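Written below as structure tokens is the structure these notes are about.
For clarity, every value in this text was computed on a predicted model and none was experimentally measured.
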Amino acid sequence: MTRIKRGYIARKRRTKIRLFTSSFRGAHSRLTRTITQQKIKTLVSAHRDRDRKKRDFRGLWISRINAVIHGNIKVYYIYSNLVYNLYTGQLLLNRKIVAQIAILKQNCLFMIANDIIKTKNPLRLYSGKV
């Protein structure tokens, strides 16, 4: 029988996976079986952490807004009431923009809050109790 030489497809696939994991340490960048396992693990972690990053940033924006609101003595406002009044007043400001306004221009945030206080009914402004 004549000798059959192996094709280059499998080698090409392995080198492609190796290029993906070339920056990993130890056997995770050298051995083919652990390379494939590590690639699967990293892709799963990346997919999971994309959603987690969104959650973390939302929590960060909420805590920034809350800190600025509670730091002011002149205007007593609760975060949940502020967001509710922004929503009912149909002001299209998401938490990211409100957090940036709160950090960079606190006076502008308090102007928005005071405007909401003047235009809305006073029952829903403070503690939520009637």
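Of all non-hydrogen atoms in His28 and Ile35, the two that sit nearest each other are O-CG1, 3.3 Å. In terms of heavy atoms, Ile69 sits closest to Tyr79 at CD1-CA, 4.3 Å. Nearest heavy-atom pair across Ala99 and Arg64 is CB-CB, 4.4 Å. Shown here for Ala102 and Val68, the closest heavy-atom pair between the two residues is O-CG2, 3.6 Å. Smallest separation of non-hydrogen atoms from Ser22 and Ser29: O-CB, 4.2 Å.
Taking OG of Ser45 as the reference point, atom CD of Gln38 lies at 8.5 Å (rounded to 0.5 Å). Interatomic distance, Asp49 CG to Lys54 NZ, rounded to the nearest 0.5 Å: 10.5 Å. Note that NZ of Lys39 is 7.0 Å distant from NZ of Lys16, once rounded to the nearest 0.5 Å. Taking CZ from Arg58 and CZ from Arg55, the interatomic distance works out to 11.5 Å, rounded to the nearest 0.5 Å. A distance of 10.5 Å separates CZ in Arg18 from CZ in Arg30, rounded to the nearest 0.5 Å. In this structure, the separation between CD1 on Ile103 and NZ on Lys105 is 13.5 Å, given to the nearest 0.5 Å.
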Test log, rule side-chain contact (heavy atoms from CB on, under 4.5 Å), inputs Ile112 and Val98: CA-CA 10 Å; Ile112 293 170; Val98 174; over 6 Å; no
Worked verdict on Arg95 versus Ile62 for side-chain contact (heavy atoms from CB on, under 4.5 Å): CA-CA 7 Å; Arg95 288 169 178 82; Ile62 289 171; 3.9 Å; yes
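There is no path of hydrophobic side-chain contacts, each under 4.5 Å, that joins Trp61 to Leu82. Hydrophobic clustering (side-chain heavy atoms under 4.5 Å, transitive across Ile, Leu, Val, Met, Phe, Trp, Tyr) groups Leu109 together with Leu91.
Between the side chain of Thr15 and the main chain of Arg11, a donor-acceptor pair closer than 3.5 Å is present. When atom types are taken as modelled, the side chain of Asn85 and the backbone of Asn81 share a donor-acceptor pair closer than 3.5 angstrom. Within the 3.5 Å criterion, the main-chain N or O of Ile97 finds a donor-acceptor partner in the side chain of Asn94.
Within a 6.0 Å sphere centred on CG of Leu92, heavy atoms belonging to other residues, nucleotides or ligands number 12 at most.
Counted by atom type alone, Arg14 and Thr36 present zero donor-acceptor pairs between their side chains at under 3.5 Å.
Residues passing the side-chain contact (heavy atoms from CB on, under 4.5 Å) test with Ala27, sequence neighbours excluded: Leu31, Thr34.
Note on ring orientation: taking the six-membered ring where Trp is involved, the planes of Phe20 and Phe24 are perpendicular (angle over 60°, cut-offs 30° and 60°).
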